[in-house]
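I have placed the structure first, in the form of structure tokens, so that the comments after it can refer back to it.
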Amino acid sequence: MKAFYAEEQKRHDPKAFLSSGAPQPNPEQPERVERLLAGALSAGCTIERPRNHGLGPVAAVHTPEYLDFLEHIYARWQRIEGASAEVIPNIHPIARNGSYPASAVGQAGYHMADTACPISGETWQSALWSAWSAVDAAEAVMSGAPAAYALCRPPGHHAFADVAGGFCFINNSAVAARVLRKQAARVAILDVDLHHGNGTQGIFYARPDVLTVSLHADPVRFYPFFWGHADERGEGLGLGYNFNLPLPRKSADAAFLEVLAVALQRIRAFSPDALVVALGLDAFEGDPFGGLSMTTPGFSRIGEAIAKLDLPTVIVQEGGYLCDELGDNLTAFLTGFGGKMR
Ligand SMILES: [Zn+2]
């Protein structure tokens with residue numbers, strides 16, 4: 001299987017975030033790339049550098065206002081006397097009523113959901129190359145590859161059309177889905193990350209052409225808290241095209257695979273022409289987030305089950321944080337997936 005990754009994706013190096021109000025080292029570290037690359041190579045992937053696709057595929061998902069913010073906010077922030085080294089918001093609108101501030105501080109609060117996505121001078125380029133990896137993986141699948149893997153880092157599924165959050169800036173899975181839509185009438189996105197894919201849900205919430213399905217730790221007491229509940233089913237034309245499957249905390253392989261079967265049945269009923277897997281590996285029992293209790297062989301079984309859909313598939317890396325088994329878990333998923341591929 002082809003895998004896509006560019007060195008520029010490693011330059012984004014966020015320093016801190018607030019966890020229960022306390023400053024902590026940011027877990028979305030460049031070192032993740034080394035572990036994931038090793039895991040992809042072990043699974044037999046060939047690594048290719050993506051091409052520069054410009055802003056087009058990203059602007060198909062995100063508002064121009066937001067992209068302008070992402071590109072320029074770091075330089076603007078540096079001109080504020082006494083400001084932090086990284087762009088971190090400290091005020092948010094409690095409702096988005098259409099008013100848009102001119103100030104950098106106001107816009108940071110408008111476009112950043114939390115403190116987990118600090119923006120440095122390298123963030124914009126890293127996020128763009130991460131998205132371009134997803135574009136090339138989608139194009140490989142459109143050119144006839146049964147599947148391709150995008151080593152997207154920084155990740156993307158918490159990014160909405162105009163909001164960053166949870167380590168995410170550009171929604172790579174959504175970008176891949178929009179590229180696939182050029183050929184595929186219907187695309188399904190299956191998100192198996194520990195956390196609900198709230199940005200992806202938000203981007204396609206009112207659309208019937210992209211089915212969004214997410215398995216994740218129950219957000220009633222877990223990030224992202226305000227989204228990911230079972231009663232969020234879409235709106236307008238998109239009503240019935242969003243499907244959330246929250247799992248009790250510490251659910252292990254058997255429970256996850258049982259709920260995955262329900263998700264896959266819903267995807268079959270949608271009869272998509274192509275699939276995006278938003279592949280988080282942070283449901284692992286040894287992941288620092290500790291929300292679910294999947295094992296390494298469990299990821300292999302997730303891969304096997306998804307491969308049975310027999311769809312052209314773009315696998316987009318989402319979460320999964322530093323632990324000894326991070327690379328092994330990717331190898332397990334890709335091997336399980338590939339083992340069933342025709
Ligand atoms: Zn996650």
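Note: hydrogens, waters and symmetry copies are ignored here, and every other heavy atom, side chains too, is used. Counting starts at 1 for both ligands and their atoms, following the listed order.
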Item to complete: Provide the tally of protein N/O/S atoms nearer than 2.8 Å to the Zn ion (ligand 1).
Response: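 Protein heteroatoms (N, O, S) closer than 2.8 Å to the Zn ion (ligand 1) number 3.
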Fill in: H216 and its ring-ring contact (aromatic ring centres under 6.0 Å, His included) partner, picked from H229, H157, H196
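So, applying the ring-ring contact (aromatic ring centres under 6.0 Å, His included) to H216 and each of H229, H157, H196, only H196 qualifies.
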Item to complete: Return the set of residues passing ring-ring contact (aromatic ring centres under 6.0 Å, His included) with F69 (not counting sequence neighbours), or none when no residue passes.
Response: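 Once residues adjacent in sequence are excluded, the partners of F69 under the ring-ring contact (aromatic ring centres under 6.0 Å, His included) criterion are H111.
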Discussion item. Looking only at the aromatic ring of each residue, does the gap between the centers of F169 and H12 stay below 6.0 angstrom?
Written reply: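 Centroid separation for H12 and F169: below 6.0 Å.
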Worksheet entry | Ring center gap for H158 and F167 short of 6.0 angstrom |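 Centroid separation for H158 and F167: 6.0 Å or greater.
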Fill in: Residues Y149 and Q317: side-chain donor-acceptor under 3.5 angstrom
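A donor-acceptor contact under 3.5 Å links the two side chains.
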Practice prompt. Report yes or no: do S126 and T123 form a side-chain donor-acceptor pair below 3.5 Å?
Written response: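 Not at all, the side chains of S126 and T123 share no donor-acceptor pair under 3.5 Å.
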